[in-house]
Trainee: 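Just dropping this structure here.
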Protein chains: 2
Amino acid sequence: MILSIDFDTQEPIYRQIRSQIVSAVASGELAPGDPLPSVRSLAGDLGVNMHTVNKAYAMLRDEGYVTMRGRSGAYVADVKRSASTARAQEHREQIATELARLATELKARGGTREEFLAIATAQADHVFSQNKEGE
Amino acid sequence: MILSIDFDTQEPIYRQIRSQIVSAVASGELAPGDPLPSVRSLAGDLGVNMHTVNKAYAMLRDEGYVTMRGRSGAYVADVKRSASTARAQEHREQIATELARLATELKARGGTREEFLAIATAQADHVFSQNKEGE
DNA sequence: CTATCTGTTATAGTACACATATAACAGTTA
DNA sequence: TAACTGTTATATGTGTACTATAACAGATAG
């Protein structure tokens, strides 16, 4: 998988790395057991510092997306098998909170319930139709 | 309307002020023409600096939520009447982008399209059912 | 007209997050 | 055993958030 960093945006680099890896997990481009590049090599490829990549990896580890195996490095975990975890429940509650926030923003500008759900459905159709297996 | 600031969260104070005023506009608690407290009095009530409130007001002004009238102060604007503005279009695109982001996050953890739409519908029902007129 | 209050801008200081740089460490493995 | 992994420690520079003090132009109540 290829990561691309935008240095001109407000989103921190380590979050960009984290988001793109999560996206790859979502699309199936990264499957459980797949190895991730080492923090040093990825940092070199992206032109960023080692600690920036390490911060992204540590976050992915804390979120359950990857596991570390000593020298072997970082591997994609089977996060989908922990759907009933307390962590997974918190994750869904956080998504619900953010959805409510977006709905409120739209409503403040005159948007309707149907318009919000239309946008949500369109985006869901787009996201959940993507199912890549190999690269 | 009463604002409450959480000093222990990561969300900046000026964003908390801005969000709560937008929420009040969405619920109808604040209607077009309603006056907002002055930056100095609100800062005093909340126990924050004047510039922090001013930063929130400036953002609300740039977003079209409020208008300024010299000494009279800040008033709630009729932002719902500018639904076909370029700014309104950007706002909807930004919401769509964030919805896609949330859908991707849920999918990465094994969530389905139906589960995402179920959460979105539940939140939409909750948000769009709130319609306060007076305070 | 004039004093007052409004948002706004300028300057300065503190605190924290982000990113960098260099260095060293424990654990795993070829 | 040597090499590579993630991890941690320390230090530096930059940008944002918040505070503090001060002054300004514009609108308005008296």
Side-chain angles (χ1 to χ4, degrees), chain A residues 1 3-22 25 30 32-77 79, chain B residues 1 3-22 25 30 32-77 79:
Chain A
M1 74 165 293
L3 296 180
S4 63
I5 302 301
D6 182 4
F7 294 93
D8 298 330
T9 189
Q10 298 167 345
E11 188 181 10
I13 298 174
Y14 78 96
R15 284 191 176 275
Q16 293 184 42
I17 296 172
R18 181 254 172 210
S19 293
Q20 292 183 36
I21 291 179
V22 171
V25 170
L30 283 180
D34 287 353
L36 291 178
S38 73
V39 292
R40 289 172 177 81
S41 65
L42 181 55
D45 291 345
L46 297 179
V48 301
N49 190 270
M50 179 196 66
H51 293 92
T52 305
V53 177
N54 186 64
K55 194 169 184 177
Y57 276 30
M59 183 173 298
L60 290 166
R61 167 178 55 78
D62 293 342
E63 292 177 325
Y65 287 110
V66 303
T67 53
M68 310 302 182
R69 301 183 193 170
R71 173 184 169 178
S72 295
Y75 290 84
V76 177
V79 69
Chain B
M1 73 166 293
L3 296 180
S4 62
I5 301 301
D6 182 4
F7 293 94
D8 297 331
T9 189
Q10 298 166 347
E11 188 181 10
I13 299 174
Y14 77 96
R15 284 191 176 275
Q16 293 184 42
I17 297 172
R18 180 253 172 210
S19 293
Q20 292 183 36
I21 291 179
V22 171
V25 171
L30 283 180
D34 286 354
L36 291 178
S38 72
V39 291
R40 288 172 177 81
S41 66
L42 181 54
D45 291 345
L46 297 178
V48 301
N49 191 270
M50 178 197 67
H51 293 92
T52 304
V53 177
N54 185 64
K55 195 170 184 177
Y57 276 30
M59 183 174 299
L60 289 166
R61 167 178 54 79
D62 294 342
E63 291 176 327
Y65 287 109
V66 303
T67 53
M68 310 301 182
R69 301 183 193 170
R71 173 186 167 176
S72 295
Y75 290 84
V76 177
V79 68

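Convention: sequence-line order gives letters A, B, ...; per-chain numbering from 1.
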Trainee: Could you tell me the separation between the CD1 atom of A:Ile13 and the P atom of D:dG13, rounded to a whole number of Å?
Mentor: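 Checked: the CD1 to P distance equals 19 Å.
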Trainee: Side chains of A:Tyr65 and A:Val22: closer than 4.5 Å at any heavy-atom pair?
Mentor: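 Yes; the side chains approach each other to less than 4.5 Å.
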Trainee: So do B:Asp6 and B:Glu11 actually touch side chain to side chain, heavy atoms under 4.5 Å?
Mentor: no
Trainee: With nearest nucleotide decided by heavy atoms, which residue, A:Met50 or A:Arg69, maps closer to the 5′ end of DNA chain C?
Mentor: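 First, find each residue's nearest nucleotide; the 5'-ward one identifies A:Met50.
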Trainee: Looking only at side-chain atoms of A:His51, point me to the closest of D:dT7, D:dA20, D:dA9.
Mentor: D:dA9
Trainee: Is the shortest side-chain heavy-atom distance between B:Leu46 and B:Ile13 below 4.5 Å?
Mentor: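 Sidechains of B:Ile13 and B:Leu46: no contact.
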Trainee: Starting at CE of B:Met59 and ending at P of D:dC18, how long is that distance when rounded to a whole Å?
Mentor: 10 Å
Trainee: Using whole Å, report how far CZ of B:Phe7 lies from C1' of D:dT19.
Mentor: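 Atom CZ in B:Phe7 sits about 12 Å away from atom C1' in D:dT19.
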Trainee: When the nearest nucleotide of DNA chain C is assigned to B:Ser72 and to A:Arg40 on a heavy-atom basis, which residue is associated with the more 5' position?
Mentor: B:Ser72
Trainee: Nearest whole angstrom, please: distance from the C1' of D:dT14 to the CD of A:Gln10.
Mentor: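 In whole Å, D:dT14 C1' lies 15 Å from A:Gln10 CD.
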Trainee: Using OP1 and OP2 only, check whether a side-chain N or O of B:Asn49 sits under 4.0 Å from D:dC18.
Mentor: no
Trainee: A:Leu30 versus A:Leu36: any side-chain heavy-atom pair under 4.5 Å?
Mentor: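 Yes. Closest side-chain heavy atoms under 4.5 Å.
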Trainee: With distance as the sole criterion, do the side chain of A:Arg71 and the base of C:dT29 form a donor-acceptor contact below 3.5 Å?
Mentor: yes
Trainee: Taking atom C1' of C:dA17 as reference, at what distance in whole Å does atom CD of A:Glu11 sit?
Mentor: 15 Å
Trainee: Starting the side chain at C-beta, find the nucleotide from D:dC18, D:dT21, C:dT8 nearest to B:Thr52.
Mentor: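 Among D:dC18, D:dT21, C:dT8, the one nearest the side chain of B:Thr52 is D:dC18.
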Trainee: Whole-Å distance between C:dT29 C1' and A:Met68 CE?
Mentor: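 Distance, rounded to whole Å: 17 Å.
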Trainee: For B:Leu42 and D:dC18, what is the distance between atoms CG and P respectively, to the nearest whole Å?
Mentor: 14 Å
Trainee: Grab the CD1-P distance between A:Ile5 and C:dA19 for me, whole Å please.
Mentor: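 Roughly 9 Å, once rounded to whole Å.
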Trainee: Kindly say if B:Tyr14 contacts the phosphate of D:dA17, meaning a side-chain N or O under 4.0 Å from OP1 or OP2.
Mentor: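 Yes.
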Trainee: With rounding to the nearest 0.5 angstrom, report the CD1 to CG distance, A:Ile5 to A:Asp45.
Mentor: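 Answer rounded to 0.5 Å: 11.0 Å.
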Trainee: With respect to the phosphate group of C:dC18, does any side-chain polar atom (N or O) of A:Lys55 fall under 4.0 Å of OP1 or OP2?
Mentor: yes
